[in-house]
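To start, the structure under review is shown below, and the notes come after it.
The analysis underlying the following values was restricted to heavy atoms, covering all of them including side chains, and did not include hydrogens, waters or symmetry mates. Per chain, numbering begins at 1; letters A, B, ... match sequence-line order.
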Amino acid sequence: MEKETLMEIGTFTALVLTLLIFSFLYKENPFYRFAEYLLVGISVGYYLVIICRNTIYPLVIDKLFVQGELLVLVPTALGCLMFVRLKKKWAYLSRLPLALMIGFGAGISIPAMLQARILKQMSASMQSLLTVNGVVILIGVTSTIAYFYFSKRQEGMFGRFTQLGTYFLMVFFGATFGYTVMSRISLLIGRLEFVLRDAFGIIS
Amino acid sequence: MKGEGTNIFQRWVIVSCLILVSFFIFPSPLYAEAQADCGAHDTPSDGGGSITIFWSDSADLIPAHVDTLTVYRRAVGDSDWDRLAETTTREKLFLDNNTIDGIAYEYRLEAKDSVSGTQFRVGSVTSSPQWFNANRTVVLVGVLACLAVLAGVMYIQRSGKSFYVRPIRGLEAVDEAVGRATEMGKSVLFTPGWGGDIQRPTTIAALNILRYVATKTAEYRCDLYFPTHDPVIMAAAEEVIHEAYIEQGQADIYNADNVFYTTSSQLGYAAAVDGLITRYKPAAVFLLGTFEGEALILAETGNSVGAMQVAGTDSTIQLSFFMVACDYTLIGEELFAASGYLTKDSKILASVKVQDYLKVIIVTLLVVGAIMATFGSSVLSDWLGQT
Amino acid sequence: MDLTRIDKRIIYLLLLLAVAIPLLTKLELPVNVGPQTEKVFEAIEEIPAGSHIIVSFDIEASSLPEVQPVAEAMIRHTFGRDLRIVGLALFSEGTAIGYNMLSSIAQEFGKEYGEHYIYLGFRPQYVSAILGMGEDINSVFPLDYMNDDWTEYPAFAKVRNYSDISLVLSIADGSLPTYWVEYAGSRYHQKIVTGLTAVMATSYYPYTESGQLVGMVGGLKGAAEYEKLLGYVGGGQRGMLAQSSGHLLIILVVCIANIAAWRKRR
Amino acid sequence: MLRKRIPLLICFVFGAFGLAQYYSPHPIVVSGYSTVLDWVQIIFAFTLIVGVLSVFQIHLKKISRREKLWGYSIVTLSAIIVMASAGFLGGTGRGTAFVWMFDNMQVPMQSTVFALLAFFVATAAYRGFRLRNVEAGILLAAAIVIMLGRIPIGALISDYIPAGAEWILTVPSMSAKRAVLIGIGLGSITTALRVILGIERSYLGRG
């Protein structure tokens, strides 16, 4: 087929599918449902291809048959144990690979979380109290941490301090929301540009 | 019960001993050569293959104004020198990252310009890999502190003391939501978000809450749907839900098809869950786990069918959407605490206590650090921030 | 009419109009370059020509409209500075997007595959991939996107791990830059910048403040700023007006809701 | 044994190794570590295939039992088959059917689902930002200042708006965010420790 026609068919398909999805805003309907099931199917197919070509081929087939690394048989066997899930009776065998992934993930997450989520954040919060910002940051961080303190009822002085923490949290939520609006509108702009420019040619 | 406790205690002892032993058996060499004018040593805290050469730019070693410094190397016993690199005298340090472990090298440093010059030799020295990265001592101290507090709390707990945990806003809502679904004869939907995988502790915490929710739906005999984007989470969730149903003696109504993988695509997943919500109109929607952009799509759709929504996530951005669109939101750490609170599992409650004690330490350090910063010292802040 | 309970479909319609109408007009708004964008620009300016950088497409197709102008501006800058790009994707959907984007901008600048850029394709399990590349990129990506041995290209043969990479640019719509920072940054001291959606930008302030991220270019506004620094008008500047009226509409409905609720209470 | 003990042991061994490797730059540890990283990727890949098979199972069941909406199940199944065969038979390079479907079907649909968010943000703001108490007031005020501060019009009204927005983002909002991050870090670490030590084992189901 001509490249031009292919592109036109492509744009037309994309336009139709875009409108089918937008129809959800009015209400859930058979057109949206069609698009939903189609999207699920296509994306599952996509991931299947990508994972086979980009992981199973280079990390299993290539390593095993071309480079002859027999160690690859271990994860391959563990991976295959996942298939027993489809058979109820043997399903418990899949706990072996599951345990490996969960355990190893937990292990590597501990130092990573400690370093990036706690230590770095602590380090960055230690600022001179001679500036307004330094004081605000110290109060903000400590009062918000106090809000998350579960061993004590939020009453009296401590209660007021945690209340301050909730105010800081509200500023954070409001700010994040406000900032996010920007991004969300950009997404709509992108879609409308497609409909108005690429599909209908109304804007240049 | 007692036997299990001992078991865990033993494991705890093994972990901390392993770490401690590795700390003492393979201490990173501490170099006392800082006083020397020049020298070379194996680069510390690395995987081998590197030697550090250092010099001072004091006038007795290098003539003033000389800027260019050339580094030569030879293996001990060879006669020819290899020119390695040209650097400047101001650098005071050169890393030769191209050595073979176990071979002794010596280095010749030549500092000269058109007017004056000097050269000196350092070595011989061999590179070797270290077992411990001393730059990460602070993170090790942190992990040890966590383990120590955990051990302490578990010790106290074994002596029979129980802990107080304050009520968490919105947690009672879990029961209420499931009860409401039963009354209305509708289903419950639980989804852990697209952002997580099984390696994230958040997902584990969410699965804990899932277990509680599943116990309730089993008890009230109402349908529980669990769509996910991750096949591994699906596998783990099947185990969790199935167990809850067996525990309640309701294994016969457990339907494995209600726990399913949709697609790994973020918006494919969102579209599928949206479709599910609008078609089944669940009376309760639980959005607990790591969410990204799909958070508000799901929350608004859940709201539009009038579901009671309980959300909780560790993704800081999506928290703000959940706050606005859902009935109850567990903020960050509350999600972790909730799993202990709901299951009333004493060991999980103990770890909530651990978190609290660590918070006291953290706040103390923060205040000390800020005071130090006020007086111009960034020692603590630098130490914590090092990598 | 009860203004505290407007049908959501009316709000949808109003928002649609508020965003679509400005797109049909040709007004331009002034743009001020923010410090974050400037830092990223400077960081790329400082890298000597011929150095290698990693461009990682950590995005889902859905956020493409927002991230595309950002990514395009940054890649144009990189090619313009004669840097060599090692492209890869840590989200599978980024795979095709990254390849298309890189190859079309390369064409525009007359850059050759294998000489000025390579594309390694996708690797799942981003944490493993990011950490693995710190040891050996070739073991994480033994073959490139075309299933060829990329180390046979002389311009890239010497790229072994992060020590041969001057900068990592993560084009992102989610939390991937966090992983770059937490794993490549803290473990291997890799310099990292990111071009990302505006929504994600707030969550990276702690990282830019603490220096773990060199800088970031966030959303359409960031793209507009970057385009200004590079001196061309692209998708970023075009969208700013629609963006503004969308924001104003949301502020307006919030105000209406509150005023109506207040009057109702009286 | 196989049902509980061995999984717990595997979990403990790999967890402890995952934790310990962080502290060691030694080549033996590093290569062991990258081997395990590869293993995790491989296991994940196989699990994904299992996931796809279960999608097939469920939809085939729906079709064969003529359950509600079974016709749509045909759409999903044929889409998977068409996409996968295009990718496996025709390749994934430029100009292939696989890329065409990705570009003209998957990408636009996903972008549109995401674009729904713009509308949802508007309705969520309309419904959620009501001045009920002090907290809600703070939430609302912060959101409005940031929304105005991020667009050029904010600067036209007053220079203080973008400056104020920047200050809110970098000072009070960030300090709360840091506290939230620290809390999440603590929760994650204790959860991960529980997993490694075998206290947390609900994922193992029943013996």
Of all of [options], which one pairs up most often with chain A through heavy atoms under 4.5 Å apart?
| options | result |
| --- | --- |
| D/T170, D/V52, D/L181 | D/L181 |
| D/I168, D/D103, D/I49 | D/I49 |
| D/I74, D/V36, D/V13, D/L77 | D/V36 |
| D/M101, D/R194, D/Q106 | D/Q106 |

Within the structure provided, determine whether [X] and [Y] are in side-chain contact (heavy-atom separation under 4.5 Å).
| X | Y | value |
| --- | --- | --- |
| D/Y22 | A/I110 | no |
| D/D38 | A/P75 | no |
| D/V180 | A/L169 | yes |
| D/F46 | A/L78 | no |
| D/R178 | A/I137 | yes |
| D/I138 | A/F172 | no |
| D/F44 | A/I51 | yes |
| A/L39 | D/Q110 | yes |

Toward chain A, the part of [X] with a non-hydrogen atom under 4.5 Å:
| X | value |
| --- | --- |
| D/V113 | both |
| D/L186 | both |
| D/T191 | neither |
| D/I184 | side chain |

Say you draw a straight line from [atom1] of [X] to [atom2] of [Y]; how long is it, rounded to the nearest 0.5 Å?
| X | Y | atom1 | atom2 | result |
| --- | --- | --- | --- | --- |
| A/F168 | D/S173 | CZ | OG | 10.5 Å |
| D/M147 | A/I185 | CE | CD1 | 8.5 Å |
| D/Q41 | A/T55 | CD | OG1 | 6.0 Å |
| A/L38 | D/M105 | CG | CE | 4.5 Å |
| D/F114 | A/S186 | CZ | OG | 10.5 Å |
| A/T76 | D/I42 | OG1 | CD1 | 5.5 Å |

Looking at [options], which one has more heavy-atom pairs under 4.5 Å with chain D than the rest?
| options | result |
| --- | --- |
| A/I189, A/V44, A/N133, A/I145 | A/N133 |
| A/S109, A/P30, A/P97 | A/P30 |
| A/V132, A/T13, A/L48 | A/L48 |
| A/A112, A/A106, A/S94, A/G105 | A/A106 |
| A/L98, A/L100, A/V136 | A/L100 |
| A/L17, A/L114, A/V72 | A/L17 |

Does the ring centre of D/Y72 sit less than 6.0 Å away from the ring centre of A/F34?
->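 Here the rings of D/Y72 and A/F34 have centres that are no less than 6.0 Å from each other.
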Does CZ in A/F83 sit with more than 12 non-hydrogen atoms of other residues, nucleotides or ligands closer than 6.0 Å?
->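 Buried by this count: over 12 neighbours within 6.0 Å.
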Just wondering, are more than 12 heavy atoms of other shown residues or ligands nearer than 6.0 Å to CZ in A/F158?
-> yes
Side chain, backbone, both or neither: which part of [X] has an atom under 4.5 Å from a heavy atom of chain D?
| X | result |
| --- | --- |
| A/A124 | both |
| A/F177 | side chain |
| A/Q163 | side chain |
| A/V16 | neither |
| A/S43 | both |
| A/S125 | both |
| A/Y47 | both |

If you look at every heavy atom in [X] and [Y], which pair is closest and at what distance?
| X | Y | value |
| --- | --- | --- |
| A/T11 | D/N104 | N-OD1, 4.2 Å |
| D/S175 | A/G140 | OG-CA, 3.7 Å |
| A/R33 | D/L69 | NH1-CD2, 3.4 Å |
| D/E135 | A/T166 | OE2-OG1, 3.7 Å |
| D/P108 | A/R191 | CB-NH2, 3.2 Å |
| A/L187 | D/A115 | O-CB, 3.9 Å |

Contact residues of residues 62-71 of chain A (partner chain D; heavy-atom separation under 4.5 angstrom) | A/K63, A/L71
Decide yes or no on side chain to side chain contact (heavy atoms under 4.5 Å, CB included) for D/Q21 and A/I108, but give the supporting numbers first.
-> CA-CA 8 Å; D/Q21 58 76 28; A/I108 51 177; 3.4 Å; yes
Starting from the C-alpha separation in whole Å, work towards a yes-or-no answer on side chain to side chain contact (heavy atoms under 4.5 Å, CB included) for D/I146 and A/V181.
-> CA-CA 10 Å; D/I146 304 289; A/V181 166; over 6 Å; no
Do side-chain atoms of D/T112 reach the backbone of A/I21 as a donor and acceptor pair under 3.5 angstrom?
-> no
Please report the C-alpha distance between D/F102 and A/I42 in whole Å, then the side-chain angles of each, then the deciding distance to 0.1 Å, and finally whether the side chain to side chain contact (heavy atoms under 4.5 Å, CB included) criterion is met.
-> CA-CA 8 Å; D/F102 178 75; A/I42 288 189; over 6 Å; no
Between A/Y46 and D/F98, how do the two ring planes meet: parallel, tilted or perpendicular, split at 30° and 60°?
->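 Geometry flag for D/F98 against A/Y46: parallel rings.
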Under 30°, 30 to 60°, or over 60°: which ring-plane class applies to A/F22 and D/F119, parallel, tilted or perpendicular?
-> perpendicular
Any residue of residues 124-132 of chain D which, by heavy atoms, sits under 4.5 Å from chain A |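 Result: D/A125, D/F129.
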Check step by step if side chain to side chain contact (heavy atoms under 4.5 Å, CB included) holds for D/V121 and A/T180.
-> CA-CA 9 Å; D/V121 162; A/T180 313; 5.7 Å; no
